[in-house]
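Here is the structure we will look at.
What's counted below: heavy atoms across the whole structure, side chains too, no hydrogens, waters or symmetry copies. This one's a predicted model, so the numbers in the text were calculated from it and none came from an experiment. In each ligand, atom 1 is the first atom listed, and ligand 1 is the first ligand listed.
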Amino acid sequence: MKIVLIGYMGVGKSTIGKLLADELNIEFKDLDEIISHKENSNISEIFNKKGELYFRKKESQYLKAEIENQKENILSLGGGTPCYGNNLDILLNQKNIKTIYLRAQINTLCERLFNEKSSRPLISHLENKEELTEFIGKHLFERNQFYLKADNTVVVDGKSTEEIVNEIIEILNLKQR
Ligand code: S3P
């Protein structure tokens with residue numbers, strides 16, 4: 001089985017994905033890292049030099065390649081991945097894929113993202129927490145319709161990474177090997 005983690009920027013998809021993979025002793029993959037590696041460029045550079053449309057095309061292309069390989073692993077997606085093209089339908093239509101939406105409140109996301117915004121092209125121009133909060137609020141409202149189609153939702157606010165990992169293991173009925 002592939003476990004695919006989706007959710008807004010800053011929710012902890014990569015952190016939780018790595019810990020979950022360690023716990024289950026399976027491979028961890030991060031779609032943004034795959035894109036950076038294949039394109040030989042970091043995500044901000046891709047956005048700046050080639051534009052968001054190019055990024056979305058590559059994101060979809062590498063997602064499909066990852067799904068086709070049928071390998072058992074944990075895959076964390078970019079915050080926008082399920083919201084473009086037919087990416088989400090493809091994920092939901094595979095029997096061997098379980099999608100998990102890591103969900104956080106706007107304030108939690110704002111606190112986490114404020115100091116990391118320079119590496120995220122969609123929010124790097126926002127100047128203060130008020131602007132960031134407003135942006136996240138609107139963006140999350142648009143994106144929740146996609147995220148909420150995931151097989152399961154795990155709320156992360158106020159929980160330790162360990163608690164979140166254990167919750168996912170319980171939900172998916174997985175046992176440590
Ligand atoms: C994006 C989220 C980013 C990255 C790109 C676009 C988005 O991934 O894919 O900057 O559209 O939300 P993270 O969610 O890992 O920050």
For ligand 1, note which part of [X] has a heavy atom under 4.0 Å away: side chain, backbone, both or neither.
{"X": "Glu52", "result": "neither"}
{"X": "Leu122", "result": "side chain"}
{"X": "Met9", "result": "both"}

Counting non-hydrogen protein atoms only, what is the nearest one to [atom]? Give residue, atom name and distance.
{"atom": "atom 5 (C) of ligand 1", "value": "Ile43 CG2, 3.8 Å"}
{"atom": "atom 12 (O) of ligand 1", "value": "Arg143 NH1, 2.6 Å"}
{"atom": "atom 2 (C) of ligand 1", "value": "Gly79 N, 3.3 Å"}
{"atom": "atom 6 (C) of ligand 1", "value": "Arg56 NH2, 3.8 Å"}

*If the plane angle is over 60° it's perpendicular, under 30° parallel, otherwise tilted; pick one for Phe55 and Phe47.*
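Taking Phe47 first and then Phe55, their aromatic rings sit tilted (interplane angle of 30° to 60°).
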
*asked:* Classify the ring geometry of Tyr8 against His139: parallel below 30°, tilted from 30° to 60°, perpendicular beyond 60°.
replied: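 It falls in the perpendicular class, over 60°.
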
*Lys/Arg-Asp/Glu bridge criterion (N-O < 4.0 Å) met for Lys71, Glu27*: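 Salt bridge absent between Lys71 and Glu27.
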
_Less than 4.0 angstrom from a charged side-chain N to a carboxylate O is my criterion; do Lys64 and Glu68 meet it?_
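No.
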
If you count heavy atoms of other groups shown closer than 6.0 angstrom to [atom1] of [X], is the number above 12?
{"X": "Gln105", "atom1": "CD", "value": "no"}
{"X": "Glu131", "atom1": "CD", "value": "yes"}
{"X": "Gln145", "atom1": "CD", "value": "yes"}

If you measure every N/O of [X] against every N/O of ligand 1, is any gap under 3.5 Å?
{"X": "Phe47", "answer": "no"}
{"X": "Asp32", "answer": "yes"}
{"X": "Gly80", "answer": "yes"}

*For Arg120, counting its heavy atoms only, list the atoms of ligand 1 lying under 4.0 Å from any of them.*
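Contacts of ligand 1 toward Arg120, numbered from 1: 16 (O).
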
*asked:* I'd like to check which ligand 1 atoms, numbered from 1 as shown, lie under 4.0 Å from a non-hydrogen atom of Pro121.
replied: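 Counting from 1, the qualifying ligand atoms are 10 (O).
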
*Would you call Leu126 and Glu134 a side-chain contact if the rule is heavy atoms closer than 4.5 Å?*
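No; the side chains remain at least 4.5 Å from each other.
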
_contact_flag His139 ligand 1 heavy-atom lt 4.0 Å_ =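 Per 4.0 Å heavy-atom rule, His139 does not contact ligand 1.
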
*In the hydrophobic clustering (ILVMFWY, side-chain contacts below 4.5 Å, transitive), which residues join Phe146, or is it alone?*
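Besides Phe146, the cluster holds Leu88, Leu92.
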
